[in-house]
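Remember, predicted model here, so these are calculated numbers, not experimental data.
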Amino acid sequence: MTTDRTPAEPGKPTDETSSEPRSPEEGKRNTPPAREPGEGSAGRPAQRSGDGPGEGAGDGPEDGGESAEASQPSTGRQRLVNGLWPPRLTRAQLIVALLLFGLGLGLAIQVRSTNESSVLRGARQEDLVRILDELDNRTERLHEEKQRLEKQQTELENSSDQAEEARKQTAQKERQLAVLAGTVAAQGPGITMKIDASGSAVESDMLLDAVQELRAAGAEAIQIGKVRVIASTYFSDVGGAVEIDGRKVTQPYVIKVIGKPEDLEPALNIPGGVVQSLEKEQATVSIERSEKIVVDALRSAKRPDYARSSSR
């Protein structure tokens, strides 16, 4: 049996198995999109009901905002933060960082050493010449001491009476050590240094600096006031006064030194040395050379409590 079918109108559902129309919801769900007149099978689908003009499926305000936000490029600050954190150090970057650290440390040490030598760099030519002469004199003294010791060794080896020669050199060495220990008086060429520190802040450390500078310049005997300066001498400040080995020294400070005057005086007058330091404290310093300086302050010889001679 055949069933007559009427052609379906555009937009109305058709059913191949039944002539009865389906429910409105099902018909609406299965209705194919209408085509505009003149379009073929490749035409665009019609707009759904309720959509505004120019809006298609998935092009609502929310969908459009999400796609725009996802496609927006990140800013330079965000890219910088993403590149720096979390840190990603490679082996090459670590080596470069260590090399830069070493370079910076070397430059800091170089700058510090340059600043320490700024006093000499700013000195006058005559001051530099005097400093070089002092260094040459120290080298010459050391060379002479070496020759003297070598001469003594040769005399001991070549002497027919080695025992007598040994006693002779021992007595001479004893006299030298007695002068250094302050147990005997001494005289010879040298200088007299006078420091007038009335109304100034000259403390014990400045006198100690003067003694150290004189020793380095070859001083063989030193006396400050009535106190003999030896290897165990100490300086201290007590009640606004200077004490040397526990004995108070009054102003003006008079320092008698036995040694080569040509070496002693320049050592005190070097740029940034003892004399300039004292003058910065408003002290008056005078140095006088002499061919005969007498150092007569004596120290008693004390037997050491623990030290013993190691010679056999």
Side-chain angles (χ1 to χ4, degrees), residues 109-156 169 172-182 186-195 202 205-224 228-233 235 253-281 283-295:
I109 295 174
Q110 181 67 24
V111 170
R112 182 177 180 181
S113 61
T114 303
N115 292 334
E116 291 177 353
S117 61
S118 59
V119 176
L120 293 179
R121 290 187 2 176
R124 297 176 300 176
Q125 182 176 0
E126 52 269 24
D127 294 332
L128 295 176
V129 172
R130 186 166 60 247
I131 294 173
L132 290 176
D133 290 341
E134 181 185 353
L135 293 176
D136 292 338
N137 292 332
R138 292 184 184 181
T139 304
E140 184 180 355
R141 288 197 305 270
L142 292 175
H143 185 66
E144 291 176 355
E145 180 68 15
K146 177 183 176 183
Q147 289 181 343
R148 186 179 64 80
L149 294 175
E150 290 176 350
K151 182 180 178 181
Q152 290 181 358
Q153 180 181 4
T154 303
E155 291 176 353
L156 286 174
Q169 292 188 8
Q172 181 180 0
K173 192 67 175 179
E174 182 182 1
R175 291 191 295 270
Q176 294 175 355
L177 293 177
V179 172
L180 296 177
Q187 65 179 14
I191 64 172
T192 300
M193 181 179 181
K194 185 177 180 180
I195 303 173
V202 175
D205 57 341
M206 298 183 180
L207 296 180
L208 178 59
D209 291 340
V211 171
Q212 298 286 27
E213 196 66 41
L214 290 169
R215 283 175 174 171
E220 298 177 354
I222 303 175
Q223 177 177 328
I224 301 178
R228 186 73 169 267
V229 178
I230 59 176
S232 60
T233 297
F235 296 76
Y253 305 117
V254 179
I255 305 176
K256 297 180 180 180
V257 187
I258 295 178
K260 190 176 180 180
E262 292 79 8
D263 297 338
L264 299 175
E265 184 177 1
L268 299 173
N269 288 315
I270 61 175
V274 175
V275 173
Q276 287 191 1
S277 299
L278 291 171
E279 290 177 348
K280 287 181 180 179
E281 300 297 333
T284 304
V285 183
S286 61
I287 301 175
E288 182 181 354
R289 298 186 185 186
S290 177
E291 292 297 327
K292 184 180 180 180
I293 299 293
V294 178
V295 176

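Looking at T233 and V211, their side chains never come closer than 4.5 Å, going by heavy atoms from C-beta outward. Using a 4.5 Å heavy-atom cutoff, the side chains of V257 and M193 are not in contact. For the pair L278/Y253, no side-chain contact is recorded, criterion being any heavy-atom separation below 4.5 Å from C-beta on. Counting heavy atoms from C-beta on, the side chains of M206 and I195 never come closer than 4.5 Å. For the pair V285 and L268, the minimum side-chain heavy-atom distance is 4.5 Å or more.
Of the options I293, I255, L214, a side chain to side chain contact (heavy atoms under 4.5 Å, CB included) to I191 is made by L214 and by none of the others. Applying side-chain hydrogen bond (donor to acceptor under 3.5 Å, both in side chains) to Q147 and the options K151, H143, E150, E144 leaves one that passes, H143.
Nearest heavy-atom pair, V202 versus A283, reported as atom, atom and distance to 0.1 Å: CG2-CB, 3.8 Å. Minimum heavy-atom separation, R228 to A221: NH2-CB, 4.2 Å. When every heavy atom of G190 is checked against every heavy atom of P261, the shortest pair comes out as O-CG, 3.7 Å. Here the closest heavy-atom approach between residue L264 and residue G218 is recorded as CD2-C, 4.4 Å. In this structure, A186 and V179 approach most closely via the heavy-atom pair CB-CG1, 3.9 Å.
Atom CD1 of I230 and atom CD1 of I222 lie 11.5 Å apart (nearest 0.5 Å). Summarising the geometry, atom CD belonging to Q172 is positioned 10.5 Å from atom CG belonging to L177; distances are rounded to the nearest 0.5 Å. Taking CG of L208 as the reference point, atom CD of E213 lies at 11.5 Å (rounded to 0.5 Å).
Proximity of a side-chain donor or acceptor of R289 to a complementary backbone N or O of P189 within less than 3.5 Å is not detected.
Within a 6.0 Å radius of CD in E288, no more than 12 heavy atoms belonging to other residues, nucleotides or ligands are found.
Between R148 and E145, at least one side-chain nitrogen of the basic residue sits less than 4.0 Å from a carboxylate oxygen of the acidic one, meeting the salt-bridge criterion.
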